[in-house]
Amino acid sequence: MSEVLLAARNVTKQFPGVLANDDISAQLRPGRILALLGENGAGKSTLVNILFGMYRPDSGEVVIKDEIVDLHGPDDAISRGIGMVHQHFQLVPPMRVVENIVLGAEPSKRGLVDLAEARSRVVELSQRYGLEIDPDALVEDLPVGMQQRVEILKALYREADVLILDEPTGVLTPQEADHLLGVLRELTATGLGIVFITHKLREVLAIADDIVVLRNGRVVGETTPAETNESGLAEMMVGRSVVLRVEKSAAQPADVVLAVDELEVNDDRGHLAVDGLSFEVRAGEVLGIAGVEGNGQRELVEAVTGLRHPLSGTMRINGEEVTNGSARDISKKGVAHIPEDREKHGVISVYSLAENSVLNRYHRSPFSLRGVLRRDVIDRHAEDVVEEFDVRTPSIAVAASSLSGGNKQKLIVGREFSDDIKLLIAAQPTRGIDIGAIEFIHRRILEQRDKGAAVLLVSAELDEILGLSDRIAVLYDGKLMDVLDAQDADRERVGLLMAGITQ
Amino acid sequence: MTARQKQLLYVGAALLVVMSWTFYAADGPQTTAVLAGTVRAATLLALGAMCGMIGERSGVVNIGIEGQFLLSAFAAFTIASMTGSLFLGTVAGIGMGLIMGWMLAAMAVGLKVDQIIAGTVLNIAALGLTSFFYDRSRSLGMGKYTNIDLGPLAEIPLVGTVFFSRPPLTYLTMVLLVVVHIALFRSVWGMRTRAIGEHPGAADTVGIDVLKLRYFNVTIAGGLAGLGGSYLALEAVGTFSRAMSGGRGFLALAVMIFGRRTPFGAYAAALFFGFTTALQNQFQLNNTFDIPPQFVGMLPFVVTIIVVALSGLIGSMRDPAALGQVYEKG
Amino acid sequence: MSRSLLRTVAIPLAAVVFGLLIGAVLILSQNASPTAAYSALVVGGLGDADSFLRTLQKATPLIFGGLAVAFAFKAGMFNIGGQGQLLVGAVFAAGVGFGIDGLPIFVHLPAALVAGALAGAVWGGIAGALKATTGAHEVIVTIMLNFVAGNLTDWLSANPWKDNSGNNIVARTPLVEDSATIPTMGAVPVGFILAIVVAVGCWFVLERTTYGFEVRSVGHNRNAAQYSGIKVGWIMASTMAVAGMLAGLGGAVESLGVDGRFEAGVNVGLGFEGITIALLARANPLGVIPAALLVGLMEAGASRMQFKAGVAPELIDVIQALILFFVAAPIIIRWVLRMRADNSEQLQLGAGWGKS
């Protein structure tokens, strides 16, 4: 057996304007789990893409099984036994599980796919590793946990001896995540090596044999779980000491601002995604909606913000019914919305910062007069937002596409917060941004609460929910499992509710 | 397809057969003429639809089928008239189709030109080139392809004349329907093709070369449109005239959508469209109704608009997820 | 000329040059002389006051046709229906133009223009409304509407509105009244001035008004537009109606200012030329003016080219297709000219036939 299964040696990779990987070395030995820890933008994804043959390094070497290799594409890496489970699943939704698993390495007879053979191999594989799955189910009908299983089986089908998992627990409940960690540990018993990419400290400590911490494209630390703890890792990752808990005062809840009653909403495929939800959010409090993604959060937020028509039920804002109101009707009631997908909804990337800063208010005075835009007023407003919300940009005339994720998010928050807000709907407000920007946005959200806004926070990050919320509602399969007071909520209890389990 | 839709389909088909026989019993020659005309019109649409579906299944929209038909018909006609061989003409038509398919791929896949614009370039170029090089003095001295009777099958009343006493390219098209069906839904190529149309990133990560496969598919599909052009010039009409494709490249797209991007579905849709055309011709010949020809001529286009609008409304007809999008690696 | 403007026009200019060069090869293949052909083309289009007038006349509907495509582009829609919108605009303008008499010109002419514009707006609006309500792709719908319009206008000009004077057997309407004819001011047709005004108006609406902001937002990012409270369906429908109106105006100008009547089959191809012009202009309404003048010049000079150099006028169509190819695929030009990439220049529409 090889000494080194997979290694990067002095790998450097430059992108226009960014040194993504700067002289990085890391290695994985058989039967071990290597955790790559780092913030968003630290260079983890670039490194992994190099190891998997998607990018070629500018300098440095990739070693697979004691051999220096020159990877020309993922197929090169796959044929050398590297398997990858991507953060965004690389599955074809309208195709069957078995088809997805064998795609690219199909058993065939005279050019035709031998589905019977493929099915029996998949069944054999899933039994051997204890990863049960229905080979004939359509991937689009499977819950995310099962889809992840398909991804793992895909790699095992290709006889991988290295499994690279990119942020694999983001879509799982805490218990599911623990289960996954268990499965991974068992896999290593057969000599498989695993590279585990994450920004979650807890998981690293729970599963890693070796830890490599990246920051700004460099290796800033190598350690093991025995030698460190959460705050040590956090400090390494960020480069300064980090307060892991958000400081906040007690909530002063006042009148009900948002009242949702028996709301039912369909998803894009016409399935019931929000199933009879009723809840209230009061002025001066943060109601956190916890839940694994895909349990109706998106549809709920879209319904409440007027982007999607509910099937039935009512919504009231400050007592006025807004159930079938348009996005603009609702925004007029003093509702701010930080959308979950900033590229899709939050900014128009070819527009300048100035145009983006008035995306929700270009039609109002003083930004336009009788249907004609007032460029000078818009520019001044944009300068204010950039200044106040610390958006790092050379000018307000550049296109939004030139901003980093964190700065885009600050621009959106700045735009949404520039009015007097009655209700703030924040969906995944800190997804994919650096810790500095996360702390900034968290502070601003609490500031809004303290100024008397009602805040509906939807997040897949349990830590964010636990840190910011005054009350926590857990969503599972479109239904509310329970609403807890923040002081009664802990990771264990919320996690079970997220999996649909009530004690 | 849901059970209910299937049921409707069977009922519809049965109804059609019963009606055809009733009409046949009442007026044999006329019914035969209408149904034969149906198959004739459907052949071109089916070839165009297969061209379109191979492209779309791989994620590339082809609205250049109209231009592919036209330029291929021109090439087929010119070569056939120069060499005196219908076969060589047909080969030339297919060859031109492949070249145009390759050009579409080069623009849409290689140069990442917007696919709709790329197809439009083909259409405009084909119209310009065929007009510029058109030579009125050419003709097919030996005439067009003639019917071949398939032995005893051709003797069956009605069905025999309609399906088994046809010129060669019509038979070829029917064979190709089966071939393309098996290739798309049973072969390794087909599975990979569908994967790159739905989720090219996923295909890429398992080592499928998305761009290469798209190049290949769009080029090959062009060959089918090229066969369509040959069919148009050498079998259906027997000459070339300016803009002779007359919008059927676009109708083929509607047929493809209606047939849910499956060969048999498309053929069923093509027969339906062909039927409206054939019926219209018969009406005009016999002065059955006093409808101005322009209104009858609108019919297939109006039907297409309705089909496309309905396909959006019904929503069950889903486009391949990556349709129309440029694929960038990484 | 400023550097940025130079960069903007470099690709379209190079595309024209490349198109003409390859056109020259085609001319040679026909055993004719490219220099003779091209000089005849230029003289035919600019040689004297008459040919200049002809160029302007030819360019006028082309400006409208180009605007019809460019305006829709801004909302991310591809209007291939210029042809049909133009036809209905032309026939209804002619209908009002010959059907009513005894009106003063300042009532009759605007009425005829408005009739054409409205007909075009309805024709484009159908595609936009279907897109907004059912998700039907505007490309396929507008193409189909082209054929429907062709048949409809054929019928109108061959039946109820047919010119029955003399022994006319052609499908055409009678000549429009003098009070509905677009006059000429010196060497400049008034229609051309109207086209310039409309082009500038389009630019102002798109770049300076809230409606234009909404149109561009929908074009760049439909989801973000919806998020910001814009009624995306309404924008799509109304943009297509405006686009149709522009093409319809082009048809009206053609009937009332160039041909003096509607005649079936006369202005075939104008809709496609609008696509070339809009792309050549990078969908900028002001850029449409020079682009249309260029194409108008080629059309005005084409008959002289045939007469003097023996080159078939269809060469113009081929050159236009080549120009379209090179503007659509700027990467080739950049490679030849060693230019740096500029990500703003690639037009992307994306496609899908039903609801996405």
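Lettering of chains follows the sequences in order, A, B, ..., and the numbering in each one begins at 1.
No side-chain donor-acceptor contact under 3.5 Å links B:Arg192 to the backbone of A:Leu103.
A 4.5 Å side-chain heavy-atom check between B:Val206 and A:Pro74 finds every atom pair outside the cut-off. Within the 4.5 Å cutoff, the side chain of A:Val102 has heavy atoms near those of the B:Met191 side chain.
Taking every heavy atom of both residues into account, B:His199 and A:Pro93 meet most closely at CD2-CD, 4.5 Å. Among all heavy-atom pairs drawn from B:Gly207 and A:Ile78, the shortest one is N-CD1, 4.2 Å.
Atom CZ of B:Arg214 is surrounded by more than 12 heavy atoms from other residues, nucleotides or ligands within 6.0 Å. Annotation for B:Trp102: atom CH2 does not count as buried by contact number, only 12 or fewer foreign heavy atoms lying within 6.0 Å. Around atom CZ of B:Phe272, no more than 12 heavy atoms belonging to other residues, nucleotides or ligands sit under 6.0 Å away. The local environment of CD in A:Gln87 is crowded, with over 12 non-hydrogen atoms from other residues, nucleotides or ligands closer than 6.0 Å. Around CZ of B:Phe87, the count of heavy atoms belonging to other residues, nucleotides or ligands within 6.0 Å does not exceed 12. By the neighbour-count criterion of 12 heavy atoms within 6.0 Å, atom CZ of B:Arg186 is sparsely surrounded, having that number or fewer from other residues, nucleotides or ligands.
For the side-chain contact (heavy atoms from CB on, under 4.5 Å) criterion with B:Thr205, the lone passing option out of A:Glu151, A:Met54, A:Met84 is A:Met54.
Ranking A:Lys109, A:Lys154, A:Arg110, A:Met95 against chain B, the residue ahead of the rest is A:Met95, based on heavy-atom pairs under 4.5 Å. Here B:Ala202 is the residue among B:Ala321, B:Ala202, B:Ala195 with the most heavy-atom pairs under 4.5 Å with chain A.
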- Message: For a side chain to side chain contact (heavy atoms under 4.5 Å, CB included) check, start with the C-alpha distance between B:Val188 and A:Leu112, then their side-chain angles and the critical distance, and finish with the verdict.
- Response: CA-CA 6 Å; B:Val188 170; A:Leu112 300 186; over 6 Å; no
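The contact between A:Ala105 and chain B is made entirely by backbone atoms, counting heavy-atom distances below 4.5 Å. Looking at A:Phe89, only its backbone comes within 4.5 Å of chain B, counting heavy atoms on both sides. Heavy atoms closer than 4.5 Å to chain B are found nowhere in A:His88, neither backbone nor side chain.
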